[in-house]
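Report on the structure given below.
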There are 2 protein chains.
Amino acid sequence: MSGLVDPVKIAEKLKDSLLKREVIILVGLFEVSYEGRASSILGLGERVLMIKSDHSIIIHRPTSYEPVNWQPPNSKIEVNIVDGRLTIIARRPKPSEILIVRFNEVYHYSSFKLRDEAEFYMYATEEDMKQAILMHPSLIEEGFKPVEDERKIHPSGFIDIFGVDASGRLVVVEIKRREASIEDIRQLVYYVDSIERELGSRPRAVIAAPSIQKSATRELTLHNVEYKCISPKKCLEILKKTKGLDRFTF
Amino acid sequence: MSGLVDPVKIAEKLKDSLLKREVIILVGLFEVSYEGRASSILGLGERVLMIKSDHSIIIHRPTSYEPVNWQPPNSKIEVNIVDGRLTIIARRPKPSEILIVRFNEVYHYSSFKLRDEAEFYMYATEEDMKQAILMHPSLIEEGFKPVEDERKIHPSGFIDIFGVDASGRLVVVEIKRREASIEDIRQLVYYVDSIERELGSRPRAVIAAPSIQKSATRELTLHNVEYKCISPKKCLEILKKTKGLDRFTF
DNA sequence: CCGTAAATTTCGCCA
DNA sequence: TGGCGAAGTTTACGG
């Protein structure tokens, strides 16, 4: 691939597009260095650089989901020609961090004034699971009654659902939309310990998730935690039935 | 903005570029739906869609660092014209998930065969901090001696550094490159509990991080955890001095 | 392939 | 603004 574009012209266009808060796409051969929360160096290679309207920057290699380098929104962006090379510097304060991009060649430049006011709707979240359980507490077990949704833990943290079982014993429910891990058990045990210190008696601990890791299962007995299998999709179906379909369809 | 490109022609180009494993950039007015681990709907808006060589897909709105929708690498991508609209469907098995993009207009299409073999070097990571401490254990405290780096915890989990203090007492060190949180304290306490169950005696617990959250500080006394202030940048400087600068410069 | 934890995690909510 | 936990987290590294 050969350099198709004059860096000086690109620099001019870039400055203009930045002022106009356009979304900018650059494809080329360049190197990157980052210094801030960490430090990184990326040698010469062909990749894509995008600058968004909020002056966030993402640099994508030809593969993988994640950007290799980036700068969060509201970075101060400088464009210069250094030794004949297009150079982009993005600075951010607090934490102080700087991203430097040095082009050897620019294969492509384009910029767009984009308008995107659409709402983004996400379903089958942990919050959806919580709502379904609050409306149908028997999803946890027969006789379960939520008493507070999201109790504050002293000194910090939140319990997903706090309730009592059929025999009147306190129950702490921790909800996970994905497979429960050992880390999740730790979180729940920490909550139950806090409650016990505060109230004097130890509540039951229930982790509600679509599945659980094998090693986490071993932790269950050790820490007296119960596992209840509930999936986010099932909860979403229940919400749809209860609240009506309209909120959930295109 | 008006639709500049014929969807049928775009579809042809797209299919060709996909076969060639090119990086594809599309800018246009489109809507997105996702169904898989969760469900999401994004209405009509102007945004950028990128398909990478590994057939991962990312969709970016005009603002924010993160993509609004995506599909991880190795998705099966179909391109069709449905009711005159360019439609891209990306499917993945395990977990079964599907992403559907329906264009109203395509403002821009380009594709590039990109070559990027460069190494990516990251510094001031948790691993760097660990190496610095192993080479200079007094960073933790005078008389500290690492005995095993990364002891296997029964039944699962890893300790960053395991050692003994000047008086011969066991010390478990948990390293964090960023501010230590209550979650990090939980992780460390879990390790120490495991060790205590295994060996019968309780080791000292030290969290080494550049700073610590206020609420986490309160947890320190409660769980007998000590905090040692160490920053990743400082550790990186030490590594540079000890191992030489060459590994760390451009 | 599963398990575990890091990450320049980012993001959103709530005090 | 800071603290806290979710996320379609993803990615990397063991066993």
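Order of the sequence lines fixes the chain letters, A, B, ..., with proteins taken first and strands second; residue numbering starts at 1 for each chain. Just so you know, these numbers use all the heavy atoms, side chains as well, and skip hydrogens, waters and symmetry mates.
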**Prompt:** In Å and rounded to the nearest 0.5 Å, what is the CD to CD distance from Glu119(A) to Glu117(A)?
**Reply:** 10.0 Å
**Message:** Both Pro73(A) and Ala216(A) contact DNA chain C. Which one's nearest nucleotide lies toward the 5' end?
**Reply:** Ala216(A)
**Item:** Integer-rounded Å distance: dA5(C) P and Arg186(B) CZ
**Value:** 13 Å
**Message:** Regarding Gln187(A), tell me which of base, sugar-phosphate or nothing describes its non-hydrogen contacts under 4.0 Å with the strands shown.
**Reply:** sugar-phosphate
**Message:** Quick check against the 3.5 Å criterion: does Tyr191(B) have a side-chain atom that pairs as donor or acceptor with the backbone of Phe158(B)?
**Reply:** yes
**Fill in**
From CD1 of Ile185(A) across to C1' of dG5(D) the rounded distance in Å is 16 Å
**Asked** dC13(D) P sits how many Å from Asp160(B) CG, rounded?
**Response** 15 Å
**Asked** When the distance from CZ of Phe120(B) to P of dA7(C) is rounded to whole Å, what number comes out?
**Response** 12 Å
**Prompt:** Is any side-chain N or O of Arg61(A) closer than 4.0 Å to OP1 or OP2 of dT11(D)?
**Reply:** no
**Request:** Take atom OH of Tyr121(A) and atom C1' of dG8(D), then tell me their distance rounded to the nearest Å.
**Result:** 19 Å
**Asked** Is a salt bridge present between Arg186(A) and Glu219(A), judged by a nitrogen-to-oxygen distance below 4.0 Å?
**Response** no
**Request:** Decide, yes or no, whether a salt bridge links Arg178(B) with Asp184(B) under the criterion of side-chain N to carboxylate O below 4.0 Å.
**Result:** yes
**Message:** Please pick, from dG8(D), dA5(C), dA7(C), the nucleotide with the shortest atom-to-atom distance to any side-chain atom of Thr125(B).
**Reply:** dA7(C)
**Request:** Would you state whether a donor and an acceptor, one from the side chain of Glu183(A) and one from the base of dG3(C), lie under 3.5 Å apart?
**Result:** no
**Request:** Could you tell me whether the phosphate oxygens of dT10(D), OP1 or OP2, come under 4.0 Å of any side-chain nitrogen or oxygen in Arg37(B)?
**Result:** yes
**Asked** Roughly how many Å is it from CZ in Arg218(A) to P in dC2(C), rounded to a whole number?
**Response** 15 Å
**Prompt:** Does a side-chain N-to-carboxylate-O contact under 4.0 Å join Lys130(A) and Asp160(A)?
**Reply:** no
**Request:** Using the C1' atom as the reference point in each nucleotide, state the distance between dA6(C) and dT10(C) in Å, no decimals.
**Result:** 14 Å
**Prompt:** Are any side-chain N or O atoms of Lys52(A) and backbone N or O atoms of Arg61(B), one a donor and one an acceptor, separated by less than 3.5 Å?
**Reply:** yes
**Asked** Does a nitrogen or oxygen in the side chain of Arg178(A) sit under 4.0 Å from OP1 or OP2 of dA6(D)?
**Response** no
**Request:** Can you tell me the distance, in whole Å, between the CD atom of Glu179(B) and the P atom of dT1(D)?
**Result:** 15 Å
**Message:** Between dG8(D) and dC4(D), how many Å separate the two P atoms, rounded to a whole number?
**Reply:** 23 Å
**Message:** I want to check one thing: is the phosphate of dG3(D), taken as OP1 and OP2, less than 4.0 Å away from some side-chain N or O of Lys214(B)?
**Reply:** no
**Asked** Using atom P of each nucleotide, how far apart are dT4(C) and dT8(C) to the nearest Å?
**Response** 23 Å
**Asked** Tell me: CD1 of Ile100(B) to P of dG8(D), nearest whole Å?
**Response** 18 Å
**Item:** DNA chain C-proximal residues of residues 90-99 of chain B, any heavy atom under 4.0 Å
**Value:** none
**Request:** Check the pair Gln187(B) / Glu183(B) against side-chain hydrogen bond (donor to acceptor under 3.5 Å, both in side chains), numbers first and verdict last.
**Result:** CA-CA 6 Å; Gln187(B) 188 185 2; Glu183(B) 214 173 318; over 6 Å; no
**Salt bridge Glu31(A)-Arg102(A), side-chain N to carboxylate O under 4.0 Å** = yes
**Prompt:** Is any side-chain N or O of Ser215(B) closer than 4.0 Å to OP1 or OP2 of dC4(D)?
**Reply:** yes
**Asked** Between the side chain of Tyr123(B) and the main-chain N/O of Pro232(B), is any donor-acceptor distance below 3.5 Å?
**Response** no
**Message:** Quick check on dA7(D): is either OP1 or OP2 less than 4.0 Å from any side-chain nitrogen or oxygen of Tyr34(B)?
**Reply:** no
**Fill in**
Ranking dT10(D), dA5(C), dA6(D) by distance to the side chain of Glu174(A), first place goes to dA6(D)
**Interface with DNA chain D, restricted to residues 63-70 of chain B and to heavy atoms under 4.0 Å** = Asn69(B), Trp70(B)
**Request:** Evaluate the salt bridge (charged side-chain N to carboxylate O under 4.0 Å, His left out) criterion for residues Glu97(B) and Arg92(B): first the C-alpha distance (whole Å), next the side-chain angles of each, then the deciding distance (0.1 Å), finally the verdict.
**Result:** CA-CA 5 Å; Glu97(B) 40 190 0; Arg92(B) 271 173 58 88; 3.3 Å; yes
**Request:** Would you indicate, yes or no, if dG2(D) has its OP1 or OP2 atom less than 4.0 angstrom from a side-chain nitrogen or oxygen of Gln213(B)?
**Result:** no
**DNA chain C: 5'-proximal contact among Glu126(B) and Ser181(A) (nearest heavy atom)** = Ser181(A)
**Message:** Between Ser39(A) (side chain only) and Glu35(A) (backbone N and O only), is there a donor and an acceptor less than 3.5 Å apart?
**Reply:** no
